[in-house]
Amino acid sequence: MSKKPSKTVPRAASKASSRKLPIAATKRPAAPSEHDTADRIARSLEAIAAHLSAAAPKPSAVDSLGSADAFVWHPNGRLAPVPHVSRVDLGLLKGIEQVRDILIENTERFANGLPANNALLWGARGMGKSSLVKAAHASINVNRKPAERLKLIEIHREDIESLPALMDLLRASDFHFIVFCDDLSFDGNDASYKSLKAVLEGGIEGRPDNVILYATSNRRHLLARDMIENERSTAINPGEAVEEKVSLSDRFGLWLGFHRCSQDEYLAMVKGYCGHFGIKLDEAELEREALEWSTTRGARSGRVAWQFTQELAGRLGVKIKS
C-alpha cells in the first residue's frame with residue numbers, strides 16, 4: 001500500500017514563521033502646547049458667542065418705530081429710519097393753496113383718530129406733489145407729544161407687491177402712519193397694482209385704521225393713455241378690460257390735481273425762496289433772470305423755481321440750509 005505524499009512547507013516560509021515578530025514600539029502623543037490650547041479655547045468661546053447671539057431675541061420693526069418720524073420700507077421686512085427728511089417748508093409752497101389746505105385738513109383728521117381718505121396727488125411735473133406730502137407730515141407733528149406723532153413711511157414703486165406685508169406689520173402698532181409712494185404708475189403687463197387695490201379697498205382685512213395711503217403720479221388714472229387705448233382695442237369686452245385698471249385710482253378718496261403755474265405764481269415762488277434764504281437782488285433783475293431761466297428750461301414750475309434759486313445762491317455766495 002503506497003504512502004500518501006506528505007505536504008512540505010517551504011523552507012523560507014518555515015523560517016519566517018519561526019522568527020519572532022518584533023513588538024512595534026508605541027509612541028506617546030505629544031503633549032499639546034499652550035498655544036494650541038489657547039487657540040481651541042478661543043474658537044470654542046467664539047462658537048458659543050455666535051450661538052447665543054443667534055438665539056437672543058432681536059428687536060422687531062414695530063419696537064423701533066419710536067426712534068424716528070420717517071422710515072423707508074424695504075421688502076425684506078426692514079424699516080430704515082430717516083433722521084433728516086429732505087423737505088420744503090410749507091409756507092414756501094406757492095400756487096397750490098387750495099389742494100394744500102385740503103390735504104392738511106385730511107391729514108390732521110387722520111392724526112387725531114378721525115376718518116380720513118387715501119389721497120392721490122396727480123398732475124404736472126415739479127409742482128410740489130411730493131413736497132406737499134412731506135411738508136404736511138411735518139406741520140402736523142408740530143407740538144405733538146412723542147407718542148402722538150404721525151409717522152411717514154416711504155415705499156418705493158417697485159416694492160408695491162410687499163405692501164400687504166407692511167400693512168400686517170403696522171397694524172400691530174399704536175402709532176398712526178402715512179404710507180407714501182412717490183411717482184406711482186404702472187406700465188405694460190405689470191400686475192403689481194392688484195396688491196395696491198386689495199390694500200386700498202376690497203381685501204378681507206382691509207386697510208388698518210392706523211394707516212393711510214398717499215401717492216403722487218403724473219397720471220390721473222396711474223396708467224399711460226396708450227395703455228388704456230390698447231386695452232380698449234384688443235379686449236373682447238373693452239369696457240371691462242379698462243375698468244379693472246382704471247378702477248385703481250377710484251379707490252383713492254381724494255384726487256388732488258396739480259396744474260402748470262402761471263408766470264405770476266412762478267415769480268412768487270422764486271421771491272419766496274429768495275426771501276426765506278436771504279438772497280438779495282434787485283427785484284427787476286431777479287424777475288428778468290428768473291424768467292430767462294424758465295425759458296431755457298421750457299417750463300415754469302416749483303421745481304424750476306427752486307433750481308433757479310440754487311443757481312442764484314451759488315453765484316452770490318449764499319449758503320442754503322435746508
Inset, instruction - Using the test side chain to side chain contact (heavy atoms under 4.5 Å, CB included), find all partners of Asp101 that sit at least two apart in sequence or belong to another chain. - result: none

Inset, instruction - Could I get the full list of ring pair (Phe, Tyr, Trp, His ring centres under 6.0 Å) partners for Phe110, not counting sequence neighbours? - result: His176

Expected list for residues 306-315: side-chain donor-acceptor pairs under 3.5 angstrom, two or more places apart:
unit_1 : atom_1 : unit_2 : atom_2 : d
Gln307 : OE1    : Arg297 : NH1    : 2.4
Thr309 : OG1    : Ala305 : O      : 2.8
Arg315 : NH2    : Glu289 : OE1    : 2.7

Inset, instruction - Please examine the side chains of Phe71 and Val82, heavy atoms only from C-beta on, and report whether any two atoms are closer than 4.5 Å. - result: no

Inset, instruction - Output all residues satisfying ring pair (Phe, Tyr, Trp, His ring centres under 6.0 Å) with His137, sequence neighbours left out; order by chain, then residue number. - result: none

Inset, instruction - Report the residues that fulfil salt bridge (charged side-chain N to carboxylate O under 4.0 Å, His left out) with Lys94, sequence neighbours left out, ordered by chain and then residue number. - result: none

Legend entry - For Asn112, side-chain hydrogen bond (donor to acceptor under 3.5 Å, both in side chains) partners two or more places apart: Arg144

Legend entry - Worked verdict on Val179 versus Leu163 for side-chain contact (heavy atoms from CB on, under 4.5 Å): CA-CA 9 Å; Val179 174; Leu163 191 56; 4.1 Å; yes

Legend entry - Contact summary for Ile140 and Ile104, nearest pair of heavy atoms: CD1-O, 4.0 Å

Inset, instruction - Mind checking salt bridge (charged side-chain N to carboxylate O under 4.0 Å, His left out) for Glu97 and listing every partner two or more places apart, or none if nothing turns up? - result: none

Legend entry - Which residues share a side chain to side chain contact (heavy atoms under 4.5 Å, CB included) with Ala138, sequence neighbours left out: Arg87

Inset, instruction - Quick one: list whatever passes salt bridge (charged side-chain N to carboxylate O under 4.0 Å, His left out) with Asp69, sequence neighbours left out. - result: Arg149, Lys151

Inset, instruction - For the pair Phe177 and Phe175, name the ring-plane relationship: parallel under 30°, tilted 30 to 60°, perpendicular over 60°. - result: perpendicular

Tabulate below the donor-acceptor pairs under 3.5 Å that side-chain atoms of residues 123-134 make, not counting sequence neighbours, or state none.
unit_1 : atom_1 : unit_2 : atom_2 : d
Lys129 : NZ     : Ala124 : O      : 2.7
Lys134 : NZ     : Ser86  : O      : 2.8

Inset, instruction - Considering non-hydrogen atoms only, spot the tightest contact between Asn210 and Ser173 and give its length. - result: ND2-O, 3.2 Å

Legend entry - Where Val318 and Phe277 come nearest, the two heavy atoms and their spacing: CG1-O, 3.6 Å

Inset, instruction - For Tyr214 and Thr107, work out which heavy atoms get closest and say how close. - result: OH-OG1, 2.8 Å

Inset, instruction - Using a strict cut-off of less than 4.0 Å between a Lys/Arg side-chain nitrogen and an Asp/Glu carboxylate oxygen, indicate whether Glu283 and Lys271 qualify as a salt bridge. - result: yes

Legend entry - Remaining members of hydrophobic cluster (4.5 Å side-chain criterion), Leu114: none

Legend entry - Flag side-chain contact, heavy atom, 4.5 Å: Gln263 against Leu291: yes

Legend entry - Residues forming a salt bridge (charged side-chain N to carboxylate O under 4.0 Å, His left out) with Glu105, sequence neighbours excluded: Arg109

